[in-house]
Amino acid sequence: MDPLQNKRIIVGITGSIAAYKAGELVRELKRGGAEVKVVMTEAAQEFVSPLTFQVLSGNPVYTNLFGPEGRWDPEHISLAQWGELVLVAPATADIISKLSLGLAGDLLTALTLASQATIIVCPAMNSGMWENPILQSNSKRLMELGFHFVGPGYGELASGKIGKGRFAQIEEIIGKIKEVLYPKRNLLGKKVVVTAGRTEEDLDPVRVLTNRSSGRMGYSLAQVANWRGGEVTLISGPSILPPPFGVNLQRVRTTQEMREKVKDTFREGDILVMAAAVADFKPQSLHQKKLSRGELSLKLEPTPDILKEMGEIKGDKILVGFALETGNSLDRAKRKLEEKNLDLIVLNDPTQEGAGFEVESNVVTLIWRDGRTEPLPKLPKLEVAERIWDRIAEILK
Ligand code: CTP
């Protein structure tokens, strides 16, 4: 499930030119299923109208510490109790310094001071202001007190100059929020390697042997491992999917390239999940020139079995493989688990209804070393990834 689902998030907007970008941020939060209430400072309203955020958030926008007449409960307290997360984005030099001193002269500072929730600050300002030692020291104080910071980034600023002070990318902010909100942090301190997608084997200068794997299952596994606190390297064959946030993405193309990368990273790693659909065969010889229509027979040879090689050196590390079987053969999957010395194997049949390469869902059966099997219902790939990490967490215990 998306970590944003049903979360109550307060977005505090302050007077920076990046205030207009907060509109996109609110949209993304809503898209993920969060409920959003926006608080704007007076300066923020000089840049964008509260109406914009009222429409985008689907809630009234809060601007005044003393609220409308006739309300008995102080707004800053009820909002502080409502929010599970306070996001100050964009955050000016002014708000950062006020927060670091515990000032509470307006609604946003007062509610942030009263809140017990996690607070994320996304600075956006001129680089001179950001680099000023006063602001650096105030930001450092907030970080020491447990405030999370995202950005600022380096690049072109509103003044036209290049420097540090740019509002962070929306994906980066959303990624941080998901990481902070996610309840199961059971991979903290673990180095996780996930492979995904297909590999390609060259036949001639223009043609390859490959399969239809999209990488979705592996990318979901990497994303969930990152939410759970793992330090994740995703080794991916060609894929059009966007890199999951917070994950070290290493792109490869051939089986040999994947093998080298897996060997290097698993040496230092704790857990390897091989979700990649590695090409099983490659042409016996690479043709230097494009093959012509006449030459129709191909001689193939097997590629190295990466997972099996890792099984030989695994020691007490955790190794999880996939078994891609048309016909859902439990016995074949069990044999692969044994032959490759795995802790868990995930059996899937891409020809089954609700499973397959291009679809968002999957139907899998989990098989343990001791022979236990657990068929899972048809689930979104992210949810399958959650279940797999739940089971790996059990093995880790
Ligand atoms: N695998 C691998 N290296 C290969 C082939 C497969 O590391 N050259 C890994 C896959 O990533 C997967 C597991 O081994 O985790 C099983 O892959 P699969 O294609 O189902 O089985 P194979 O061992 O290749 O056997 P077969 O194709 O004969 O079914």
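By the 4.5 Å side-chain criterion applied to Ile, Leu, Val, Met, Phe, Trp and Tyr, Leu51 is assigned to a cluster that also includes Val55.
Looking at Glu358 and Arg212, a side-chain N of the basic residue comes within less than 4.0 Å of a carboxylate O on the acidic one, giving a salt bridge. Between Glu339 and Arg332 there is no salt bridge, since none of the side-chain N atoms of the basic residue sits less than 4.0 Å from a carboxylate O of the acidic one. Salt-bridge annotation for Glu394 and Lys397: absent, with no side-chain N of the basic residue lying under 4.0 Å from a carboxylate O of the acidic one. Under a 4.0 Å N-O distance rule, the pair Asp202/Arg207 does not qualify as a salt bridge. A salt bridge does not link Arg259 to Asp264: none of the charged side-chain nitrogens sits closer than 4.0 Å to a carboxylate oxygen. Ionic pairing of Glu200 and Arg253 is present here: one or more N-O contacts between side-chain nitrogen and carboxylate oxygen are shorter than 4.0 angstrom.
Looking only at distances, no side-chain donor or acceptor of Asn6 sits under 3.5 Å from a matching main-chain atom of Ala34. The closest donor-acceptor contact from the side chain of Lys191 to the backbone of Thr233 lies at 3.5 Å or more, if one exists at all.
Scanning both residues, Val247 and Ala222, for their nearest heavy atoms gives CG2-O, 3.7 Å. The minimum heavy-atom distance linking Asp343 with Lys317 is given by the pair OD2-O, 3.7 Å. The two atoms that bring Ala196 and Gly215 nearest to each other are CB-O, 4.0 Å, heavy atoms only. Smallest separation of non-hydrogen atoms from Gly356 and Asn362: N-OD1, 4.3 Å. Taking every heavy atom of both residues into account, Ile392 and Ile271 meet most closely at CG2-CD1, 4.2 Å. Closest approach of Thr92 and Thr14 over heavy atoms only: N-OG1, 3.1 Å.
The side chain to side chain donor-acceptor pair (under 3.5 Å) analysis of residues 158-179, with sequence neighbours excluded, yields the pairs Asp2-Lys178. For residues 104-113, every residue pair satisfying the side chain to side chain donor-acceptor pair (under 3.5 Å) rule, not counting sequence neighbours, is listed here: Asp106-Thr109. Among residue pairs with one or both ends in residues 5-25, none qualify as ring-ring contact (aromatic ring centres under 6.0 Å, His included); sequence neighbours excluded. For residues 378-397, no pair satisfies ring-ring contact (aromatic ring centres under 6.0 Å, His included), with sequence neighbours left out. Listed by first then second residue, pairs satisfying ring-ring contact (aromatic ring centres under 6.0 Å, His included) with a partner in residues 209-264 read Tyr182-Trp227, not counting sequence neighbours. Evaluation of the salt bridge (charged side-chain N to carboxylate O under 4.0 Å, His left out) test over residues 4-22, restricted to residues two or more places apart or in two chains, returns Arg8-Glu84. Listed by first then second residue, pairs satisfying salt bridge (charged side-chain N to carboxylate O under 4.0 Å, His left out) with a partner in residues 364-379 read Asp370-Arg372, Glu374-Arg391, not counting sequence neighbours. Among residue pairs with one or both ends in residues 113-161, none qualify as ring-ring contact (aromatic ring centres under 6.0 Å, His included); sequence neighbours excluded.
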| query | Does the side-chain hydrogen bond (donor to acceptor under 3.5 Å, both in side chains) test come out yes or no for Gln136 and Asn138, once each step is laid out? | reply | CA-CA 6 Å; Gln136 283 299 304; Asn138 290 345; over 6 Å; no
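In this view, Glu257 satisfies the salt bridge (Lys or Arg N to Asp or Glu O under 4.0 Å) rule with no residue, not counting sequence neighbours. Looking at residues two or more places apart in sequence or on another chain, you find no salt bridge (Lys or Arg N to Asp or Glu O under 4.0 Å) involving Lys334. Residues passing the salt bridge (Lys or Arg N to Asp or Glu O under 4.0 Å) test with Glu156: none are found, sequence neighbours excluded.
Taking CD from Glu201 and CD from Glu301, the interatomic distance works out to 9.5 Å, rounded to the nearest 0.5 Å. Once rounded to the nearest 0.5 Å, the distance linking OG of Ser137 with CG of Leu135 reads 8.5 Å.
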